[in-house]
Protein chains: 2
Amino acid sequence: MNALFKALNDPTRRAILERLRGGPATAGAIAEQFQFSAPTISHHLDLLRQAGLVTSQKQGQFVVYTLNMTVFDELLGWLYQFKS
Amino acid sequence: MNALFKALNDPTRRAILERLRGGPATAGAIAEQFQFSAPTISHHLDLLRQAGLVTSQKQGQFVVYTLNMTVFDELLGWLYQFKS
DNA sequence: TTAATGATTAGACAAATGTCTAAATAAAAT
DNA sequence: ATTTTATTTAGACATTTGTCTAATCATTAA
């Protein structure tokens, strides 16, 4: 829960998730879309992975990142308790 | 959007929201439930208010805080784009 | 009108965060 | 074999964050 909110609390990381909505992508392809360095994006991807929001598969020298939406259920569950 | 995720990215603030689910409460009554000082809780309430998650009404020397769930719609809207 | 109560503001400080460059690792290409 | 390409790790650094105590503001009670 903590890791999830932490991961979502950054505009760049949220933008990465939106990017991955269009399909999996390599770390490099993701990094190209942002004005930040590759290590910075790599770090963001790590936080997203820790929260379970993305998964990664190594393909040769590339690492492909894939959106994992099932984690959102956790968030929806938390929100649900506030339903009036 | 930023203020919303920021406000939610803290366990104490989330606990305050859950507390207010049971009904409005004064700043002091809220502070009593946590091990933190009154100024700290006041600061958390301020961040929640900035995000629109709570509203405050001054009643004499007290300040009553009320949960505002309508802001969650914004969050649900953001989540919706990821629906498969 | 003075003192007490409820709450916020101001300022300090340690810890966490987001960014960078340089270095390391791993795979592919020459 | 060597070099290039893709990515991560390590370490540094400025900014933000969460907390505190002390001081201030506002309202109520004596």
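Numbers restart at 1 for each chain; the letters A, B, ... are given by sequence-line order, proteins then strands.
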Applying the side-chain hydrogen bond (donor to acceptor under 3.5 Å, both in side chains) test to B/Asp46, which of B/Gln50, B/His43, B/His44 qualifies?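 Going through B/Gln50, B/His43, B/His44 one by one, the side-chain hydrogen bond (donor to acceptor under 3.5 Å, both in side chains) with B/Asp46 is satisfied by B/Gln50 alone.
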
In this structure, how many angstroms lie between the [atom2] atom of [N] and the [atom1] atom of [X], rounded?
X       : N      : atom1 : atom2 : value
A/Tyr65 : D/dT8  : OH    : C1'   : 8 Å
B/Asp10 : D/dG18 : CG    : P     : 5 Å
A/Phe62 : D/dT8  : CZ    : P     : 12 Å
B/Gln50 : D/dG18 : CD    : P     : 12 Å
A/Phe5  : D/dT17 : CZ    : C1'   : 18 Å
B/Phe34 : D/dG18 : CZ    : P     : 14 Å
A/Ile30 : D/dT8  : CD1   : C1'   : 14 Å
B/Leu45 : D/dT19 : CG    : P     : 12 Å

Which nucleotide in the set D/dT19, D/dT27, D/dT8 lies at the smallest distance from any side-chain heavy atom of B/Gln61?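 Closest nucleotide to the B/Gln61 side chain: D/dT27.
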
From the list D/dG18, D/dT19, D/dT17, which nucleotide is the closest neighbour of the side chain of B/Lys6?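 For B/Lys6, the side-chain atoms sit closest to D/dT17.
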
Nearest-nucleotide comparison on DNA chain C, the residue closer to the 5′ end among A/Asn9 and A/Pro39: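 Result: A/Asn9.
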
Could you pick out which residue, A/His43 or A/Lys58, lies toward the 5' side of DNA chain C when each is mapped onto its nearest nucleotide?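 It is A/His43, whose closest nucleotide lies nearer the 5' terminus.
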
Within the structure provided, determine whether B/Phe82 and A/Glu18 are in side-chain contact (heavy-atom separation under 4.5 Å).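 Side chain of B/Phe82 against side chain of A/Glu18, heavy atoms only: contact under 4.5 Å found.
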
Check: [Y] main-chain N/O paired with [X] side-chain donor or acceptor under 3.5 Å:
X       : Y      : result
B/Glu74 : B/Met1 : yes
A/Arg13 : A/Leu8 : no
B/Asn9  : A/Lys6 : yes

Under the side chain to side chain contact (heavy atoms under 4.5 Å, CB included) rule, collect the residues that match up with B/Arg19, sequence neighbours excluded.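 B/Arg19 satisfies side chain to side chain contact (heavy atoms under 4.5 Å, CB included) with B/Ala25, B/Ala29, B/Gln33 only.
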
Quick one: sort the B/Trp78 and A/Phe72 rings into parallel, tilted or perpendicular, breaks at 30° and 60°.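 Rings of B/Trp78 and A/Phe72: perpendicular, over 60°.
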
Using a cut-off of strictly less than 4.0 Å, decide whether A/Thr26 has a side-chain nitrogen or oxygen near OP1 or OP2 of D/dA6.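 No, A/Thr26 has no side-chain N/O under 4.0 Å of OP1/OP2 on D/dA6.
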
Start and end of the DNA chain C segment that chain A contacts, any atom under 4.0 Å from a heavy atom: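 Contact span on the strand: C/dT17 to C/dA28.
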
